[in-house]
Amino acid sequence: MSNAHMLITITLIALTTIALRFLPFWIFPPSKQPPALITYLGKVLPRAAIALLVVYAVKDVSIVTSPYGLPELIAILAIVVVHVFKRNTLLSIATGTLLYMMLVQLVF
């Protein structure tokens, strides 16, 4: 790829990214109420995305062979407990990740 082609490609990628970032603000300005469907999706999609990530993370865990999914279960329980008490998503994720890695590397 020549330098001109690279420059054109990078420019197009940057412009597309900028357009996609600003598109929701152009379609739904603050002075205009968004449609009910958009409001509904804004409420349910974050939870659905997290649920999808959890399912993906534990889909290959075997509960019939050692360690029987214990590191995953302990880490998930720790995430839930930290989140219930602290209500801090980043702290919950960091705690679960660190605990899981310690369990896998040092215990199981």
Once you round to the nearest 0.5 Å, how far does [atom1] of [X] lie from [atom2] of [Y]?
| X | Y | atom1 | atom2 | value |
| --- | --- | --- | --- | --- |
| Ile8 | Ile13 | CD1 | CD1 | 12.0 Å |
| Phe25 | Leu23 | CZ | CG | 10.5 Å |
| Leu91 | Ile79 | CG | CD1 | 10.5 Å |
| Asp60 | Glu72 | CG | CD | 10.0 Å |
| Phe108 | Tyr68 | CZ | OH | 11.0 Å |

Taking everything shown except [X] itself, do over 12 heavy atoms lie less than 6.0 Å from its [atom1]?
| X | atom1 | result |
| --- | --- | --- |
| Leu77 | CG | yes |
| Phe28 | CZ | yes |
| Lys59 | NZ | yes |

Where do [X] and [Y] come nearest, in terms of heavy atoms and distance?
| X | Y | result |
| --- | --- | --- |
| Ile27 | Lys32 | O-NZ, 4.0 Å |
| Val61 | Gly69 | CG1-CA, 3.5 Å |
| Leu99 | Ala75 | CD2-CA, 4.2 Å |
| Lys43 | Arg47 | O-NH1, 3.4 Å |
| Pro71 | Val104 | CB-CG2, 4.1 Å |

Please check if [X] and [Y] belong to a single hydrophobic cluster, counting links between Ile, Leu, Val, Met, Phe, Trp and Tyr side chain heavy atoms closer than 4.5 Å.
| X | Y | value |
| --- | --- | --- |
| Leu90 | Ile76 | no |
| Leu12 | Ile18 | no |
| Leu7 | Met1 | no |
| Leu37 | Val44 | yes |
| Ile50 | Val55 | no |

So Lys86 and Thr95, do their side chains get closer than 4.5 Å, heavy atoms only?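 No, too far: nothing below the 4.5 Å cut-off.
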
Measure the shortest side-chain to side-chain distance between Val107 and Leu70 over non-hydrogen atoms and say whether it is less than 4.5 angstrom.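 They are not in contact (no side-chain heavy atoms under 4.5 Å apart), so the answer is no.
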
